[in-house]
2 protein chains.
Amino acid sequence: MSDQDPLPSPKQRQVLEAARMLFMAHGYGPVSMEMVAKQAQVSKATLYAYFPSKDRLFATIVGDACLRASVDESSYPTEIDDIGAALREIGERLLRFLLQPNTMAIYRVVVAESARFPELGAAFMAAGPQAFLNRFTLWLRGQMAAGHLAIDDVGMAAEQFGAMLRSSHFMRATLGLTDPADDAAGIEHTVREAVATFLCRYRATQEG
Amino acid sequence: MSDQDPLPSPKQRQVLEAARMLFMAHGYGPVSMEMVAKQAQVSKATLYAYFPSKDRLFATIVGDACLRASVDESSYPTEIDDIGAALREIGERLLRFLLQPNTMAIYRVVVAESARFPELGAAFMAAGPQAFLNRFTLWLRGQMAAGHLAIDDVGMAAEQFGAMLRSSHFMRATLGLTDPADDAAGIEHTVREAVATFLCRYRATQEG
DNA sequence: GTCTATAGGCCGATAGAC
DNA sequence: GTCTATCGGCCTATAGAC
């Protein structure tokens, strides 16, 4: 999506930052090159010197945002004596990440423009949901090896856990219906219940 | 969202149909009033005689589409001897409905423009996901009364079932990554596993 | 490299004839 | 009610001065 970045000049970084802010806030259509130039304190001609067209600028910005926003979950709990507590920590961290305004903004823009820019959908999926599923599947395998879990289809189990976490919180946030009452109690309740259902099926019958 | 409809004239119906097709296919920005007029075989002035602005036309079209596309699940299975089979039928019906191009188109448009037209997000949520949850929650209560299920938080159970059904199929379809392999085997597998996990937690310990 | 100025085109909305 | 014709404005993209 992004070419090599050979020391982007200050002006170029201003352009990238301005375009990122505007595209994330308003999407593709409503943002004009004039707005980007003004926000970046650069003339339109300079803007076009860096990026050959609005399409290219948009695809670059959003593609990079997808990569940059990949879930930063490098450290899942490793020393486990309570598998439920570990799952709740992972779940709450993921759900809070998903509901961040930044994440929501990227998702909205990608959904809106994935028809016009088909590569965006794949880039987002690979950097976001798929990256989480891969990492979490690996973690689940570790817990199986440690005797905490017993799963036949690990990929499906990971999907089910992620899905129950999102539940309708993610969709509500996507549609701008962010119920303030959800933020604290609702999220914790959803996570707790998701872990309960997950363990009901996948907890190893004999621990240790 | 829609006012009373006092016998819409043929021209008006042409306009509504043309606008519905175009907005669902391309979203708000890329569709011009000139395109709508041409598609409806009507002049722009006539178009503006029926709808005072592009905003109003769009909100009317999409709001009505949300209402019209509310899940038509009036008849859930009632005579149950296999609760698993009943859940699989409900699940497969819902998931197939969600993945229809029509449903996807509405969802994409609503996500894209819910920032500009805040009422659309609420209308979609009420007519779609919330309507399903309400109906399904009622059905679950019936099955509890019949002794097939034992659920503490019925609303949460309904959410979990719906979420596990969507899993990542819905997001993939939303982003235009409709894997052709999903259509048959993938959907059935997802439904079967969702029901299995759901029943693992919520099946009544003593049937009958 | 960066600017100002503008070409060239499409859009939303309206005025006025019929 | 419906049309044609057009206004005023904003857009992407570029040419040419510095």
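It should be emphasised that the depicted structure is a prediction, and the values quoted were computed from it without experimental measurement. Hydrogens, waters and symmetry mates play no part in the numbers below; they use all other heavy atoms, side chains included. In what follows, chains are A, B, ... by sequence order, proteins preceding strands, each numbered from 1.
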*Asks:* Within 45 degrees of the ring normal and closer than 6.0 Å to the centroid, is that where the cationic atom of A:Lys54 sits relative to A:Phe23?
*Replies:* no
*Asks:* Got a salt bridge between A:Glu188 and A:Arg192, using NZ or NE/NH1/NH2 to carboxylate O under 4.0 Å?
*Replies:* yes
*Asks:* Roughly how many Å is it from CE in A:Met33 to P in C:dC10, rounded to a whole number?
*Replies:* 19 Å
*Asks:* More 5' along DNA chain C: A:Lys44 or B:Tyr48, using each one's nearest nucleotide?
*Replies:* A:Lys44
*Asks:* Quick one: label B:Val36 by what it contacts on the DNA or RNA (base, sugar-phosphate, nothing), any heavy atom closer than 4.0 Å.
*Replies:* nothing
*Asks:* Expressed as a whole number of angstroms, how long is the span from B:Phe58:CZ to C:dA13:C1'?
*Replies:* 19 Å
*Asks:* Counting only side-chain nitrogens and oxygens, does B:Thr46 get under 4.0 Å of the OP1 or OP2 atom of D:dT2?
*Replies:* no
*Asks:* Please report the distance, rounded to the nearest Å, between CD in B:Glu34 and P in D:dC3.
*Replies:* 14 Å
*Asks:* So, does B:Thr103 use its side chain to make a donor-acceptor pair with the main chain of B:Leu99 at under 3.5 Å?
*Replies:* no
*Asks:* Tell me whether the OP1 or OP2 atom of D:dT4 has a side-chain N or O from B:Ser43 closer than 4.0 Å.
*Replies:* no
*Asks:* Do any side-chain nitrogens or oxygens of A:Tyr50 fall under 4.0 Å of OP1 or OP2 in C:dG1?
*Replies:* no
*Asks:* Between C:dC11 atom P and B:Leu57 atom CG, what is the distance in whole Å?
*Replies:* 15 Å
*Asks:* Hey, does the side chain of B:Lys38 come within less than 4.0 Å of C:dC10's phosphate (OP1/OP2), counting only N and O?
*Replies:* no
*Asks:* Contact class for A:Ala45 vs. all strands (heavy atom < 4.0 Å): base, sugar-phosphate, or nothing?
*Replies:* base
*Asks:* What is the separation between atom NZ on A:Lys54 and atom P on D:dT14, rounded to the nearest whole Å?
*Replies:* 15 Å
*Asks:* Whole angstroms only, please: what is the NZ-P distance between A:Lys11 and C:dG1?
*Replies:* 12 Å
*Asks:* Please determine whether a side-chain nitrogen of the Lys or Arg among B:Arg88 and B:Glu92 lies less than 4.0 Å from a carboxylate oxygen of the Asp or Glu.
*Replies:* no
*Asks:* With a non-hydrogen cut-off below 4.0 angstrom, is B:Phe51 in contact with a base, only sugar-phosphate, or nothing?
*Replies:* nothing
*Asks:* Can A:Glu34 and A:Lys38 be counted as an ion pair, charged N to O under 4.0 angstrom?
*Replies:* no
*Asks:* Would you indicate, yes or no, if C:dC10 has its OP1 or OP2 atom less than 4.0 angstrom from a side-chain nitrogen or oxygen of B:Ser32?
*Replies:* no
